[in-house]
Amino acid sequence: MTINQRISTYFLSIFVLFALIIILFSVRYEKSNAADKLAAQLEIYAEMLENGNQVQNLPDTTLRVSIIDFNGNVAYDNLFCVDTLDNHLERKEIREANRYGYGTALRHSTHNNQLYFYYAKKGENEYVRIAKPFDNRSDALPISYMPILVTLLLFGIATIGYYSTSLKFRSTIKTLKRLIERVDSGDKYNFPDNEFSEISEYIVRSYKKLERTQKALDMEREKLWAHLRLSKRGLCIFSPQRKEILSNELFIQYANLISDRPIQYSEKIFDIPELFDIVEFFDDKQRDYKNVLETKTMEVHKNDRILVVHGIVFPDKSCEITIDDITEREEQALLKRQLTQNISHELKTPVSSIQGFMETIINNPGMDPDKREFFIERCHAQAIRLSYLLQDISMLNKLDEGSGIFDRDDINLNDVIQNVLKDVSLELEEKNITTEVNLPCNATIKGNMSLLYSIFRNLVDNTLHYAGCNISIQINCFRVDNEFLHFSYADTGIGVDSKHLNHLFERFYRVDKGRSRKLGGTGLGLAIVKNAILFHQGRISAKHHPGGGLEFVFSLRKEPLPVID
């Protein structure tokens, strides 16, 4: 059904309803008038009987006259034997006469099934009832059809008027509909040169403004949801009644880290005992409303995690809870303190050696030339070691500073690995180390060439320094999915003890400190590997290789995801 049809049906229904109400009212009014007239006529006859007139002397000889006592028994009836008549106390006209002094009723007699109009009048000791017989109800209560005809005539006139008005109204609606359709489709619309022009222009302006506002809101909503999904903080906003409005996945995860019982719904966070201070803060601020922004922060230590919980009460009494896991941040702070100490220790060794050798040369000008050359070579070796150490420290510092320092390009990892193996080919040949590389030809990611080179170069250097001779290296890309390339790097060297596996990626960690320094390692190679892989949003772990030696399993993301703090 079209809108025009609905409007027509609606107004027509109203007209019909009012017409029926008026007709019914007119019918009831006419019947009431007829009943009143008939009752007035019969009242005159009742007064005549009270004044001593006989029934047969009444002007209307068809009347039925009954005398009924106050108990309802018929004492006299001019047409029927009173013994055959039942008690009349519950008759409608008798009940009304008992209450109001007179009463009327239109019904069929239970004695002879004749239709009568009854009139009863209450006297001093009895009821006088007069009944006039009729063949049907229309004879007893005649209706004048003139008001009904007038009503129908007025209804017809109103219908014609409505129809002519609705034609113009529907034309206006059609014009408005065409206007909205053309504006919505982007077509240019010429406004009509009539009273509709001004409102049309206003509608178009309002529509376009609303459209711009809707687009802006949609964009902001998408940005908000993207922020919530990618945020490293758990966040949930609650209504003043503490019902969830929106939240992200991390919020439930962090809430379950704090709670001893599983939490399925965000609202259950208010039942966690460890967050009593935040809940009490909300209770106080929502109860003592001040129409200002209120905040509170607390720290929770639970399950070896450090979580910062931040509560906000907004001016409208809604509230927000954010949960931030700062465990890694605290660990990084501790690591930096340890790193400073380790750097100081690691720099001290080559600097002290260089200083000692140089002082010996300076203090012994007549030193044997061969011995002098030996000391100079040792100084040079320590200077090279110091240079490598500073380079590795600089690389780690850049990785710690963030991803904005390093550019990303489309990098083919086959080329990267081949460049690494070409650069160390002499060392591999000297130690009789063979290599086997199994990568798909399209092993390409969006990454940084320098960092990807350092990953494979440091892994190979680790093998060259510590794995031994007459071994093999295997580099495999064993899985490619929609997001990651998965690699394994393994050698068949001497390997390490199991207790060292979880510490290999720590900065300055050495399995054999004396041996590592003797071989020239800085203790930062695998730490650089781990951080370079993290830069490419992957993970790395170490394990024993089934064929002997050490195996590293790691992943590299094909396309980086944006990271929001």
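We're numbering straight along the sequence, starting at 1. Predicted model only: the values in this text are computed from it and were never measured.
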Q: Check whether any side-chain N or O of Asn248 sits under 3.5 Å from a backbone N or O of Phe251 as a donor-acceptor pair, and report yes or no.
A: yes
Q: Verify the neighbour count for atom CZ of Phe18: are there more than 12 heavy atoms of other residues, nucleotides or ligands below 6.0 Å?
A: no
Q: Might you point out which heavy atoms bring Cys319 and Gln286 nearest each other, and give the distance in Å?
A: SG-NE2, 4.1 Å
Q. Can you tell if the side chain of Ile269 reaches within under 4.5 Å of the side chain of Ile323, non-hydrogen atoms only?
A. yes
Q.
We want to know whether Thr297 and His310 form a side-chain donor-acceptor pair, criterion being a heavy-atom distance below 3.5 angstrom.
A. yes
Q. Of the non-hydrogen atoms in Thr104 and Lys92, which two are nearest, and what is the gap between them?
A. O-NZ, 2.8 Å
Q. What is the distance from atom CG of Leu451 to atom CG of Asn531, rounded to the nearest 0.5 Å?
A. 9.5 Å
**Q.** Nearest non-hydrogen partners of Thr62 and Asp60, listed with the distance
**A.** OG1-OD1, 2.7 Å
Q | Tyr127 ring center near Phe70 ring center (under 6.0 Å) | A | yes
Q: Please report the closest heavy-atom contact between Cys477 and Pro440, naming both atoms and the distance.
A: CB-CD, 3.7 Å
Q | Proximity of Phe238 and Phe270 rings by center, below 6.0 Å | A | yes
Q.
Please determine whether the number of non-hydrogen atoms from other residues, nucleotides or ligands lying under 6.0 Å from atom NZ of Lys31 exceeds 12.
A. no
Q: Would you indicate whether the side-chain heavy atoms of Arg261 and Lys268 approach each other to under 4.5 Å?
A: no
Q) When you measure from the side chain of Ser109 to the backbone N and O of Asn113, does any donor-acceptor pair fall under 3.5 Å? A) no
(Q) Counting only heavy atoms from other residues, nucleotides and ligands, does the tally under 6.0 Å from NZ of Lys302 exceed 12? (A) yes
Q) If we only count heavy atoms from C-beta on, is the Ile321 to Phe282 side-chain gap below 4.5 Å? A) yes
Q) Does some side-chain heavy atom of Leu89 sit less than 4.5 Å from a side-chain heavy atom of Asn71? A) no
Q | Separation between CD1 of Ile237 and OG of Ser247, rounded to the nearest 0.5 Å | A | 9.5 Å
(Q) For Thr327 versus Arg305, what's the shortest heavy-atom pair and its separation? (A) OG1-CA, 3.3 Å
Q. Hey, are His88 and Glu90 close enough side-chain-wise for a donor-acceptor pair under 3.5 Å?
A. no
Q.
Over 60° means perpendicular and under 30° means parallel, so tell me whether Phe487 and Phe554 are parallel, tilted or perpendicular.
A. parallel
(Q) Distance check, rounded to the nearest 0.5 Å: Leu49 atom CG versus Lys121 atom NZ? (A) 10.5 Å
Q: State, yes or no, whether a side-chain contact exists between Pro59 and Met48 at a heavy-atom distance under 4.5 Å.
A: yes
Q | Six-ring centre of Phe484, Arg479 cation under 6.0 angstrom, axis tolerance 45° | A | no
(Q) What I want to check is whether the side chains of Gln214 and Asp218 have a donor and an acceptor closer together than 3.5 Å. (A) yes
Q) Does a sphere of radius 6.0 Å around CZ in Arg287 hold more than 12 heavy atoms from other residues, nucleotides or ligands, not counting ones at 6.0 Å or beyond? A) yes
Q) Short question: side chain of Asn98, backbone of Ile94 - any donor-acceptor pair under 3.5 Å? A) no
Q: Would you tell me whether Asp410 and Thr444 have side-chain atoms, one donor and one acceptor, within less than 3.5 Å of each other?
A: no
Q) Do the side chains of Leu534 and Arg539 get nearer than 4.5 Å, heavy atoms only? A) yes
Q: Could you list the residues that satisfy ring-ring contact (aromatic ring centres under 6.0 Å, His included) with Phe25, not counting sequence neighbours?
A: none
(Q) For a 4.5 angstrom cut-off between non-hydrogen side-chain atoms, does Glu43 reach Tyr102? (A) no
Q) Which atoms form the tightest heavy-atom contact between Ser266 and Glu244, and what is the distance? A) OG-OE1, 2.8 Å
Q. If you measure from CD1 on Ile23 to CZ on Arg28, what distance do you get to the nearest 0.5 Å?
A. 15.0 Å
Q | Cation-pi geometry met for Lys317 and Phe314 (6.0 Å, 45°) | A | no
Q: Before giving the answer on side chain to side chain donor-acceptor pair (under 3.5 Å), spell out for Asn125 and Asp69 the whole-Å C-alpha distance, their side-chain angles and the decisive distance to 0.1 Å.
A: CA-CA 7 Å; Asn125 301 312; Asp69 61 27; over 6 Å; no
Q) Any side-chain heavy atom of Gln264 sitting closer than 4.5 Å to one from Ile252? A) no
Q) Under the 6.0 Å and 45° cation-pi test, does Arg107 pair with Tyr118? A) yes
Q) Under the 3.5 angstrom rule, does the side chain of Ser259 hit a backbone N or O of Asn256 as a donor-acceptor pair? A) no
